[in-house]
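Before any comments, here is the structure.
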Amino acid sequence: MRLVVARCAARYTGRLSAHLPLATRLLLVKADGSVLLHSDGGSYKPLNWMSPPCSLAVRAPEPEAAERGVLEVWHVQHTKSDDRLEIDLHEVLHDSAHELGVDPGLVKDGVEAHLQALLAEQIHVLGAGHTLVRREFPTAIGPVDILARDAAGAAVAVEIKRRGDIDGVEQLTRYLELLNRDPHLAPVRGVFAAQEIKPQARTLAQDRGIGCVVLDYEALRGMDDVDARLF
């Protein structure tokens, strides 16, 4: 990745036209070919950019531009369209290149698979007397996250989400329809479990006789000391 801090102006032409007046900005040239212009503000979003596939050519300024103080011009041309980004560099304050290597990608903490494993280990969260039958219980349309039995021995199908919305309730409803056709399991009760359940999803679940359980991820991990809480 190349990092350039420079006083620059920029023009974008193609599907739209836009320009950036002269100011000090950060220019990023990534290994994938993308070029981005950032200001010291506006959070993560660049002021302007060109996504790959594109090519970067550095050229000398025209005489008129040189008289205005332009040192060099970056021409960034998109390969598959007429979109073009032209950057006039007036002063370069910093220019460095760094090899970042292959990025492993974002590893999310608290993903559904981890929540599933934690809940399976602490199945009592569903209520006293619950026991685990198995994780990833198969059905014709995909596996149910957890199949358990309550204190009375009745089957309980649990669908787990990080954020529970209507789609998750619909998914669990389809699983329940299939599971209740099995005479060895029926009647099967549904539980929709998530770190956060949207009001619309809760209303739909309750209308269909599906229970809702909000999962406290930190407590499941054993990192929430109840005795240390102020309130």
Side-chain angles (χ1 to χ4, degrees), residues 30 32 34 43-45 51-52 100-231:
K30 295 187 176 182
D32 64 4
S34 56
S43 187
Y44 65 91
K45 188 176 181 180
S51 301
L100 302 186
V102 178
D103 192 276
L106 179 66
V107 179
K108 295 183 179 179
D109 199 13
V111 295
E112 293 168 14
H114 198 194
L115 286 170
Q116 182 191 120
L118 290 169
L119 183 57
E121 294 171 357
Q122 303 170 65
I123 200 67
H124 63 271
V125 170
L126 299 179
H130 279 70
T131 56
L132 176 68
V133 176
R134 67 167 290 179
R135 295 170 56 187
E136 300 289 332
F137 188 86
T139 76
I141 58 173
V144 178
D145 288 331
I146 286 179
L147 185 69
R149 291 195 179 272
D150 62 19
V156 181
V158 185
E159 181 63 26
I160 300 172
K161 300 292 183 185
R162 293 182 68 242
R163 292 182 177 84
D165 56 21
I166 287 177
D167 289 343
V169 177
E170 294 286 4
Q171 183 180 359
L172 178 55
T173 300
R174 293 191 293 271
Y175 288 147
L176 289 171
E177 182 180 352
L178 288 175
L179 291 171
N180 275 299
R181 295 177 188 175
D182 186 341
H184 298 290
L185 293 175
V188 183
R189 177 169 56 89
V191 172
F192 190 50
Q195 290 179 272
E196 174 189 353
I197 300 178
K198 294 183 178 180
Q200 301 91 331
R202 184 180 293 275
T203 298
L204 180 61
Q206 292 172 346
D207 183 67
R208 295 181 177 179
I210 295 172
C212 292
V213 173
V214 175
L215 300 176
D216 187 332
Y217 181 58
E218 298 302 325
L220 288 172
R221 295 173 64 196
M223 298 182 66
D224 184 13
D225 186 354
V226 177
D227 296 330
R229 291 180 180 175
L230 294 179
F231 50 85

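The basis for the numbers below is simple: all heavy atoms, side chains too, and nothing from hydrogens, waters or symmetry mates. What you see is a predicted model, and the numbers here were worked out from it, not measured in a lab.
At a threshold of 4.5 Å between non-hydrogen side-chain atoms, the residues L118 and Y217 count as touching. Within the 4.5 Å cutoff, the side chain of L204 has heavy atoms near those of the E170 side chain. Contact of the F137 side chain with the L185 side chain is registered, since non-hydrogen atoms from C-beta on lie closer than 4.5 Å. Residues V158 and V144 form no side-chain contact, since every pair of their non-hydrogen atoms from C-beta on lies 4.5 Å or further apart.
Residue pairs meeting the side-chain hydrogen bond (donor to acceptor under 3.5 Å, both in side chains) criterion with at least one member in residues 115-125, sequence neighbours excluded, are Q116-R135, Q116-E136, Q116-D145. Identified under the salt bridge (charged side-chain N to carboxylate O under 4.0 Å, His left out) test for residues 172-186, with sequence neighbours left out: E177-R181.
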Verdict with reasoning, D150 to R189, per side chain to side chain contact (heavy atoms under 4.5 Å, CB included): CA-CA 10 Å; D150 62 19; R189 177 169 56 89; 3.7 Å; yes
R162 and L115: CA distance, side-chain angles, deciding distance, side chain to side chain contact (heavy atoms under 4.5 Å, CB included) verdict: CA-CA 8 Å; R162 293 182 68 242; L115 286 170; 4.2 Å; yes
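Looking at K161 and Q171, their side chains do bring a donor and an acceptor atom within 3.5 Å of each other. Side-chain contact annotation: R149 with T131, donor-acceptor N/O pair under 3.5 Å absent.
Partners of V213 by side chain to side chain contact (heavy atoms under 4.5 Å, CB included), not counting sequence neighbours, listed by chain and number: V125, L126, V191, A193, L215.
To the nearest 0.5 Å, atoms CZ (R134) and CD1 (I146) are separated by 12.0 Å. Atom-to-atom distance recorded for L172:CG and D167:CG is 12.5 Å, nearest 0.5 angstrom. From H130, atom NE2 reaches atom CD1 of I123 across 7.5 Å, with rounding to the nearest 0.5 Å. Separation of atoms OG1 (T203) and CD1 (I197) is listed at 11.0 Å; rounding is to 0.5 Å.
The neighbour count for R163 CZ, taken as heavy atoms of other residues, nucleotides or ligands under 6.0 Å away, does not exceed 12.
Summarising the geometry of A201 relative to F192, their closest heavy-atom pair is CB-CE2, 4.4 Å, with the distance given to 0.1 Å. In terms of heavy atoms, L179 sits closest to A157 at CD1-CB, 3.7 Å.
In this structure a side-chain-to-backbone donor-acceptor pair under 3.5 Å is missing from S34 to K30. Judged by distance alone, with hydrogens and angles left aside, the side-chain atoms of N180 form a donor-acceptor pair with the main-chain N or O of V188 at under 3.5 Å.
Using a 4.0 Å cut-off between a side-chain N of Lys or Arg and a carboxylate O of Asp or Glu, R202 and E196 do not qualify as a salt bridge.
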